[in-house]
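Reviewing the structure listed below.
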2 protein chains.
Amino acid sequence: MGNSKLYKGSLNTIILKLLDEEGKMYGYEITQKVKELSKGELNITEGALYPALHKLEAEGLLDVEVAKVDNRLRKYYKPTEQGEKETINRLAELEDFIRSMQQLVNPKWSIQ
Amino acid sequence: MGNSKLYKGSLNTIILKLLDEEGKMYGYEITQKVKELSKGELNITEGALYPALHKLEAEGLLDVEVAKVDNRLRKYYKPTEQGEKETINRLAELEDFIRSMQQLVNPKWSIQ
DNA sequence: TCCTATGCATAAGAAATTTATGTATATTAG
DNA sequence: CTAATATACATAAATTTCTTATGCATAGGA
């Protein structure tokens, strides 16, 4: 919410990471998972999520599979082979970034 | 460089934090300090930095003091009283954000 | 029956940045 | 001595990324 503006640029990587972990997920599920994992700290808005998913698909990093559950539409996304490779790279980049931010913001912290 | 796009939204807080620590700094000095502290990982571009400093000044969070050193202009910025209060708040928010990101990206990490 | 949750989508606008310039002085390498 | 690099500021145009505001539709609970 308040600090959602902070993850500009990292949303795509978060999506890739979750999909890589879970195998496949649908949009709404991703928003709930992020909320859960961050204990309510991070809320992905639909206006950010869906365009991001479409872009990742257009880039060939995700595959879609439509399903109907309880008479409701779901679009399951899962990483392509290329998507899995990209996930590794982007995740490493994001981890480096987080480490750098910590170094700047609170050098007393150390990562175990 | 590559991941400079990742700190969208956190640049202002980084600036405030450094100025709070050092007392006062000038623009170019900030870019060098960030580069040094992050071991070359984070590079603040001038096109991002100077407008950010001007905005923080306009918001009443920074004071400016012009100096001429070696026949070259320098603009020293330092936090106002209000700026110091804001630094505390924004820093706390950024730390929460970093912790949340870690939780998402690498739950194995823990902060000591 | 209305509100909330689930589930998708897009368009307009805002915000933060990159990229590309521009100006000027000082220093260092060739 | 001259060209490149470093120091030091600045701004404008374009881009990226996100928020906010909608819209549609089904399901379930109060």
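Numbers restart at 1 for each chain; the letters A, B, ... are given by sequence-line order, proteins then strands.
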Problem set entry | Heavy-atom side-chain proximity of A/M101 to B/L42 below 4.5 angstrom | yes

In whole angstroms, how far is the [atom2] atom of [N] from the [atom1] atom of [X]?
| X | N | atom1 | atom2 | answer |
| --- | --- | --- | --- | --- |
| B/L11 | D/dT16 | CG | C1' | 16 Å |
| A/F97 | C/dT17 | CZ | C1' | 13 Å |
| B/K24 | D/dA8 | NZ | C1' | 16 Å |
| B/N43 | C/dT18 | CG | P | 10 Å |
| B/K68 | D/dC9 | NZ | C1' | 12 Å |
| B/I44 | D/dC9 | CD1 | C1' | 16 Å |
| B/Q32 | D/dA8 | CD | P | 9 Å |
| B/L53 | C/dT17 | CG | P | 12 Å |

Problem set entry | Sequence neighbours excluded - ring pair (Phe, Tyr, Trp, His ring centres under 6.0 Å) pairs with any residue from residues 47-68 of chain B | none

Problem set entry | Given C/dT10, D/dA8, D/dA10, the nucleotide with the shortest approach to the side chain of A/P51 | C/dT10

Counting only side-chain nitrogens and oxygens, does [X] get under 4.0 Å of the OP1 or OP2 atom of [N]?
| X | N | value |
| --- | --- | --- |
| B/K55 | C/dA15 | no |
| B/Y50 | D/dC9 | yes |
| B/H54 | D/dC9 | no |

Problem set entry | Closest approach of B/E41 to A/S100 (non-hydrogen atoms, all atoms of both residues) | CB-OG, 3.2 Å

Exercise. By the rule that ILVMFWY residues connect when side-chain heavy atoms come within less than 4.5 angstrom, directly or transitively, which residues belong alongside A/I88?
Worked result: none

For this session: Each residue besides B/V69 in its hydrophobic cluster should be listed here, by chain and number; the cluster joins Ile, Leu, Val, Met, Phe, Trp and Tyr at side-chain heavy-atom distances under 4.5 Å.
Result: none

All side chain to side chain contact (heavy atoms under 4.5 Å, CB included) counterparts of [X], not counting sequence neighbours:
| X | answer |
| --- | --- |
| A/N89 | A/E86 |
| B/K24 | B/E65, B/Y76, B/K78 |
| A/K85 | none |
| A/E36 | A/K33 |

For this session: Give, ordered by number, those residues of residues 58-66 of chain B having at least one heavy-atom distance below 4.0 Å to an atom of DNA chain C; if nothing qualifies, reply none.
Result: none

Exercise. Tell me, for nucleotides 20-30 of chain D in 5' to 3' order, what letter each nucleotide earns: B for a base near a protein heavy atom under 4.0 Å, S for only sugar-phosphate near one, - for neither?
Worked result: B-----BS---

Problem set entry | Toward the 5' end of DNA chain D, by each residue's nearest nucleotide, B/Y76 or A/N12 | B/Y76

